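Every chain is numbered from 1 and lettered A, B, ... according to where its sequence line falls, protein lines coming before strand lines. Atom set for the values below is all heavy atoms of this structure, side chains included, hydrogens, waters and symmetry mates excluded. Keep in mind that this is a model prediction, so the values were computed, not measured.
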Amino acid sequence: MTQADFMPLLLPLLAVAATVLVIVMDLFLPERRGASLGWLTAALLGGLLVVSFYVPTTGVVGDGVFVGTAWSVFFARLSLVAALLAVLGALEHVERRFPRRQGEYYALLLSSVVGMLILPGARDVLLLVVAFELMGIPLYVLAAYAKSEGMPLLASEEPGSGKKSPAAEAAIKLYLVGATSTAITLFGLALVVGVAGTTEITGLLGDGPLAPLTRVGMMLVLGGMSFKIGLVPFHMWVPDTYQGAPTPFVAFLSVAPKATGIAAFVSLFVIAPAAHGGAHGPWIAMLLVLATASMVIGNLAAVPQSDVRRLLGFSGVAQMGYVLLAIATGTSEGLSMAAFFLAAYVVTNMGVFFVIHACAAEDGRHDLASLAGLSQRAPFLGFALLVFLLSLAGIPFAVGFWAKLYVFLAAFRAGYVWLVALGAVLAVIGLFYYMQVARAAFMKDDASTGAPAPTIGVGLRAAVLLCLVGVLGLGLWPALLFDQTADAGTSILETRAP
Amino acid sequence: MTLTTCLLLASALFSVGVYGLLTRQQLVAVLVSVELMANAANIVLVAFSHFTASPLGQVFTLFALAITVAEVAVGLALALLLYRTHASSRLDAAKEMNG
Amino acid sequence: MRSPLSEAPLAALVAVLAPALAALLLAVLPMVRRRGAPAAWICLASSVASLVSAGLLLAGQLGEAEPMAWTTSWLTLDGQGLGELGVNVDGISASMLVVVTIVALCVQVFSVSYMHDEPPDAYGRYFTYHALFLFSMNLLVLAPDLLQLFAGWELVGVTSYLLIGFYYRKPSAGRAALKAFWITKLADMGFILALAVLFTSTSAFRFDAELSTPLANVVAGLLFFAVVGKSAQFPLHIWLPDAMEGPTPVSALLHAATMVAAGVFLVVRADPIFAHAPDTREVMLVVGSLTALFAAGLATVQTDIKKVLAYSTCSQLGYMVAALGAGSTLGGYFHLTTHAFFKALLFLSAGSVIHAVHSNELADMGGLRKRMPLTATAFIVGSLALAGIPGTAGFFSKDLVLAALEGRMGWLPYVALMTTAFLTAFYMGRVVLVAFFGEARGKADHAHESGALMLGPLAVLAVLSLGVGYFGAHFAEVTATGEYHLHFGMTPAIASGLALGGFALAYAVFGGGRDASGVGVLALLDGAARSALVDRTYEALYRHGMLNAAAAIGWFDRYVMDGLVNLSGWLTLVAARSLRRLQSGFAPDYVFAVVLGALALAAWGYLS
Amino acid sequence: MITTIGFGLLAALLVGSALYVVRATNLVHSVLGLGVTLSITALLYALLEANFVAGVQVLLYVGGVVTLMIFGVMVTRRHDGIVVRSDSANEVRGLLGGGGIFVLLALSILESDLPSSPVGPAPSTASLASELLGPHVVAFEALSMLLLAAIVGAIVIARRRDFGEPRQDLVTRARAAREALRVEALRAEAEAPSPEPAASDAAEPPRADEALPSTDGSVPAQEASS
């Protein structure tokens with residue numbers, strides 16, 4: 001292979017180099033290093049983002065195992081933005097809480113990003129699976145990062161007699177569901193690949209009518225991969241993990257793996273069927289069923305939540321249901337609208353999590369009461385929170401409005417009239433619980449709680465500000481983003497591996 | 001020995017793994033069951049590789065083995081953590097967060 | 001000949017952007033906002049700029065300037081523009097813009113004094129919201145297509161949420177704000193679906209889309225659902241009375257001229273779509289008449305002065321919707337315009353009263369005529385206009401509405417609205433008599449007249465309430481919504497008679513204080529009212545007829561309509577709580593869910 | 001014929017050992033049973049002429065995974081010789097899930113048109129290598145990244161040194177606990193004349209002192225192994 005062949009893989013390769021650099025720097029930096037590693041990681045991610053804009057990384061690698069298209073570049077940028085925001089938002093938290101494990105934190109985050117950079121362009125099942133796991137395994141570890149909280153302190157204390165560590169529980173729930181799903185995915189893929197005799201995604205479904213083993217195998221894969229996106233009934237880890245893991249990491253977990261997971265879905269359930277002759281497999285109906293179940297259960301279950309992170313977890317389940325509606329259309333229009341939705345979701349949802357993180361009570365509670373009087377205590381955070389919530393609820397001039405409108409339009413055009421109507425009604429329930437959060441911040445008095453203004457570091461402030469700029473900027477001028485997603489959507493169904 | 005019998009055997013192993021997954025109450029025991037399921041997937045791959053005379057299945061198996069090992073390593077570390085914080089390796093120890 | 005106002009789009013842009021700029025400035029400069037007074041001045045300056053621009057635009061339209069628009073493509077899809085962003089100036093938008101900016105400016109000037117006791121930061125926040133609101137409303141009014149109108153529509157909803165919940169220390173205010181936002185948002189889903197249908201069939205969001213009748217019925221029906229929520233029509237009117245938790249000037253702004261009128265404005269704007277939707281119009285006629293009668297009945301038994309006005313607003317919006325349903329776009333729109341002025345007048349003078357007696361309850365007022373003569377005059381002028389006494393603005397617009405209903409649907413809507421006219425005069429007469437006449441009760445003893453900043457807007461609005469009715473012909477011409485001519489038939493005569501009758505009944509029941517002699521019309525009726533026979537008839541009518549009916553309607557509203565909303569909320573919660581139990585926190589349960597899910601999917605794969 | 005008998009035997013052993021793995025009440029036995037199952041699987045691979053994979057299975061997988069698992073069991077048990085019991089529950093769920101999956105898979109397998117004998121010669125190890133390092137080299141590289149991440153991750157979770165992370169509430173909680181123990185011991189001395197409980201109580205405070213996490217990261221070795 002020549003050098004040109006590897007150009008589409010430039011971003012993941014650079015990300016690997018960045019990971020190694022962070023690990024090496026971790027060894028050489030002195031003990032009192034402050035947040036320098038975090039800043040380094042942020043700079044590296046920023047550099048990668050710049051590279052993604054100035055170096056063309058489209059093309060085919062090898063025999064078509066990886067195809068760089070506008071689609072894959074779009075998702076790469078999305079993951080890079082999410083990771084950059086996640087690093088900025090976590091800077092102070094990591095420095096304060098895990099001073100001796102900073103290097104590993106960023107290295108793990110970066111290696112997850114490597115998987116995310118590969119996944120959307122992977123056109124080979126092997127690469128897809130490895131990238132999917134590469135994305136996923138560091139997340140298990142990061143979910144358990146706050147492990148020393150609740151550890152026994154004294155030899156006389158029984159192990160576990162202190163406050164039970166939420167980190168262990170959060171990570172184990174994510175891990176158990178994840179490991180089960182991996183086994184199911186592997187078994188399903190084994191059946192599909194065995195029948196097809198190839199690992200190329202475009203040849204995965206073979207010719208002619210689908211074999212029974214292919215159908216069953218693909219559905220097992222669908223079930224196995226749904227956990228990452230948090231679709232009902234594979235969603236149950238979501239609220240618990242969100243509640244127990246470090247909040248800046250949850251901001252990342254709630255968007256980037258989901259967006260990239262959707263890209264993997266598209267590879268398997270849109271590109272493969274398209275190559276098979278556009279035949280609608282049995283999964284279209286099931287995608288719609290999963291979408292409906294996620295919208296209904298996610299929206300309903302969020303209503304009685306008092307922990308904001310759990311609330312956002314269920315809301316995320318519902319939001320992914322909306323995306324799936326657009327994916328199920330299988331058209332380039334639907335795909336581009338899904339991509340738009342995901343981009344909007346990245347900036348919006350991360351923004352909410354960062355604000356929640358900034359306002360969390362000292363003892364780590366993130367309930368609605370911890371937000372009381374926020375608009376008085378910290379007007380900037382209050383304003384930002386309101387904007388993010390309105391964006392999630394789909395109110396104009398926040399990017400979430402366009403996201404929801406587009407998804408509804410795409411689904412409506414594909415003829416899912418009743419699902420759109422259902423989604424619209426459920427969106428009203430969504431508005432209700434988002435506004436409960438806003439009410440806690442705007443309409444509750446802080447005199448009773450007497451909580452001081454939250455202290456917020458430079459990195460976190462920058463992260464919130466960037467999210468705010470993204471939400472409002474793209475809300476006012478969605479064409480910026482929309483042109484990109486339109487390219488991405490058309491590119492993916494046109495490009496075929498040779 | 002035909003492909004059909006091989007696949008049936010793998011399915012049986014997979015189902016036994018699922019049974020263990022659903023009935024076992026300890027994290028390590030659950031991990032063991034997941035291993036059985038992954039092993040069943042590998043048998044499917046090797047069987048297909050044998051009967052279709054293609055190396056792909058075996059290559060996939062090698063990847064699957066590595067992925068499973070990586071997952072087990074993290075899983076066992078988590079089991080250790082669970083024991084340290086909850087004084088138990090039973091899963092019902094960790095149900096503080098619910099609703 | 002080119003009009004000197006050829007820069008109309010520029011003026012329109014100023015009208016939209018000036019308040020936006022003010023809001024942005026106040027949002028990003030907390031030090032200005034927290035000082036209070038400067039925020040008010042910035043907000044007022046932007047409103048004045050808007051008003052001047054609006055005036056120029058309307059003058060241009062009156063002076064035969066062509067309708068004009070400045071738009072830029074907002075988004076593109078499949079190579080074609082998906083939505084237009086910009087301003088669209090024609091007779092309809094220019095006239096509405098003038099109405100909105102006049103009322104908004106009056107309300108803001110009034111607020112300068114009314115909100116004076118608030119701490120400076122709250123004061124600044126209040127005016128920030130006001131600037132944001134005016135921006136949203138102007139965006140809505142000048143929208144070149146339905147998409148931008150929807151954007152403005154939603155923003156208006158958000159800002160109203162902030163304004164209604166302004167007293168954030170009051171839990172009831174928070175609840176009321178949430179309820180208002182939530183219910184209007186529920187209705188907005190109709191708007192979204194209408195947009196989806198419209199876009200799917202025409203690939204655009206134009207007001208004047210050419211649609212087949214069945215399709216137009218669907219789009220118009222969905223739009224009307226949004227109108228029902230925004231304009232507080234039965235059965236989604238329940239948020240409006242609660243929304244009175246906000247500061248009184250806010251009620252004047254939101255619930256008289258702007259936010260609730262947006263629904264009616266939408267129907268006027270999308271008239272070409274509604275014109276092809278006869279079935280939807282029939283529904284509108286029924287809903288409008290029903291709301292008018294129903295809300296008027298409720299208004300007669302309220303004891304809170306703002307609640308009377310709130311239900312009265314519902315009732316008058318019912319008039320407008322009924323007129324639009326009957327096909328009289330001019331009638332509905334003209335009534336919207338006149339109502340904006342006199343209802344804003346009523347709310348602001350009520351605010352002046354509340355400011356003086358520190359209570360909303362009618363029971364705490366009385367005899368205010370002597371202590372606050374100017375406010376009393378303003379309120380009485382507003383009441384007369386609302387009741388449609390000949391010569392006031394309300395008379396002319398109500399006449400148009402009623403004339404449009406003649407003979408429709410077996411005269412039922414006509415009768416309903418005539419009855420409403422009677423009830424309107426009655427409940428307004430009641431408020432006037434109880435609050436401004438008779439003996440001073442409670443804190444009303446110490447009330448004193450408000451300052452010039454509060455009386456000035458009242459004077460402006462009072463003049464408009466009296467005078468704007470005579471410009472019907474000009475209005476019809478500039479908005480091009482229909483032919484205007486004054487009827488001299490039975491309808492205005494009956495309506496006027498019923499209005500006078502309503503006042504007479506109010507006087508018979510509440511005018512016992514003999515202080516009423518100052519009001520000529522009532523003095524004339526005084527003798528008649530005292531005669532035993534008439535007295536007993538009134539008594540019977542009032543006690544056994546009206547009070548019972550109103551009580552029944554009130555019960556229905558409280559326990560059935562509100563109950564239904566609460567019930568659906570309760571059902572949601574029950575469903576949510578049962579879902580909570582599924583989320584057991586026990587990891588093996590989660591794994592089981594995954595396995596079952598995968599099994600179900602695989603079974604489907606096998607069977608299909 | 002030989003292969004058929006061999007296959008039947010292996011299949012029976014495989015399913016039997018797997019059932020033992022999921023039913024054994026002693027967790028150590030269960031893990032050892034897994035080692036047996038994986039080894040028999042390696043034999044099956046050999047029967048299917050996948051010698052390289054069989055070798056990898058035995059050398060890396062059985063060795064690696066089972067050792068790790070045994071290690072996992074050992075560190076999560078009390079060092080007092082008590083058998084780590086692995087209890088089962090939810091039999092109904094297990095039968096429903098496992099049985100359902102098996103029925104479904106068996107039906108779709110039996111419905112499929114599958115070759116009953118190999119269509120060609122078994123793929124050689126060389127062909128394996130050329131596949132692995134040819135088209136799948138990217139995945140191979142990604143795999144090495146995956147293993148690196150997993151190792152780093154496992155170490156981060158499992159290592160104990162992080163106990164020393166300076167956390168304000170950690171120190172205050174430790175102080176409070178120590179104070180509570182001291183008060184408890186004093187009260188026990190004052191109130192309870194009975195020698196035995198007083199003695200056992202009095203033994204606690206010094207141990208608490210020893211185990212207090214120091215901020216420099218070193219933690220007494222006997223911690224948590226009570």
Chemist: D/Leu47 vs B/His50, test: side chain to side chain contact (heavy atoms under 4.5 Å, CB included). Steps then yes/no.
Modeler: CA-CA 10 Å; D/Leu47 197 65; B/His50 177 70; over 6 Å; no
Chemist: Identify which of D/Leu10, D/Val92, D/Val21 forms the greatest number of heavy-atom pairs closer than 4.5 Å to chain B.
Modeler: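 Of the options given, most contacts go to D/Val21.
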Chemist: Over all heavy atoms of both residues, which pair between B/Val32 and D/Met69 is shortest? Give the atoms and the distance, please.
Modeler: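 Between these two residues, the closest heavy atoms are CG2-SD, 3.6 Å.
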Chemist: Which of residues 37-45 of chain B have a heavy atom under 4.5 Å from any heavy atom of chain D?
Modeler: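 Against chain D, the residues of residues 37-45 of chain B that fall inside the cut-off (heavy atoms, under 4.5 Å) are B/Asn39, B/Asn42, B/Ile43.
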Chemist: Which one, D/Val65, D/Val53, D/Ile151, D/Leu128, leads in non-hydrogen pairs under 4.5 Å with chain B?
Modeler: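 Sorted descending by pairs with chain B, the first entry is D/Leu128.
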Chemist: Checking B/Leu78 against chain D: side chain, backbone, both or neither under 4.5 Å from a heavy atom?
Modeler: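 It is both, since atoms from each part get that close.
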Chemist: Heavy-atom distance under 4.5 Å to chain D: side chain of B/Leu27, backbone, both or neither?
Modeler: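 No part of B/Leu27 comes within 4.5 Å of chain D.
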Chemist: I'd like to check the side chain to side chain donor-acceptor pair (under 3.5 Å) partners of D/Ser112; sequence neighbours left out, ordered by chain and number.
Modeler: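 Expected list: none.
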Chemist: Is it the backbone or the side chain of B/Leu7 that comes under 4.5 Å from a heavy atom of chain D, or both, or neither?
Modeler: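 Contact with chain D: backbone and side chain both.
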Chemist: If only side-chain N and O atoms count, and only distance matters, is there a donor-acceptor pair under 3.5 Å linking D/Arg23 with B/Thr23?
Modeler: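 Short answer, no.
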Chemist: For chain D, find which of B/Ser33, B/Ala10, B/Ala12, B/Gly17 contributes the most heavy-atom pairs closer than 4.5 angstrom.
Modeler: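 Answer, by heavy-atom pair count under 4.5 Å with chain D: B/Ala12.
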Chemist: In Å and rounded to the nearest 0.5 Å, what is the CG to OG1 distance from D/Leu114 to B/Thr52?
Modeler: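 Those atoms lie 10.5 Å apart.
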Chemist: In terms of heavy-atom pairs under 4.5 Å, which option from D/Ser117, D/Ala149, D/Ala129 contacts chain B the most?
Modeler: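 Most heavy-atom pairs under 4.5 Å with chain B: D/Ser117.
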Chemist: Specify which of B/Val69, B/Leu62, B/Val72 makes the most heavy-atom pairs with chain D at under 4.5 Å.
Modeler: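 Counting heavy-atom pairs under 4.5 Å, the top option is B/Leu62.
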Chemist: Would you mind telling me which of D/Val66, D/Leu132, D/Thr4, D/Thr41 has the largest number of heavy-atom pairs within less than 4.5 Å of chain B?
Modeler: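 Option with the greatest count: D/Thr41.
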Chemist: In terms of heavy-atom proximity below 4.5 Å to chain D, should B/Thr5 be classed as side chain, backbone, both, or neither?
Modeler: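 Its backbone and side chain both get close to chain D.
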Chemist: Output the option from D/Pro121, D/Pro123, D/Gly33, D/Gly97 having the highest count of non-hydrogen pairs under 4.5 Å with chain B.
Modeler: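 Ranked by heavy-atom pairs under 4.5 Å with chain B, first place is D/Pro123.
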Chemist: Check step by step if side chain to side chain contact (heavy atoms under 4.5 Å, CB included) holds for B/Phe63 and D/Phe140.
Modeler: CA-CA 8 Å; B/Phe63 278 92; D/Phe140 192 72; 4.3 Å; yes
Chemist: Can you tell me if D/Tyr45 and B/Gln58 form a side-chain donor-acceptor pair at under 3.5 Å?
Modeler: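 Short answer, no.
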Chemist: With a 4.5 angstrom heavy-atom cut-off, is it the side chain or the backbone of B/Thr61 that approaches chain D, or both, or neither?
Modeler: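 The answer is the side chain of B/Thr61.
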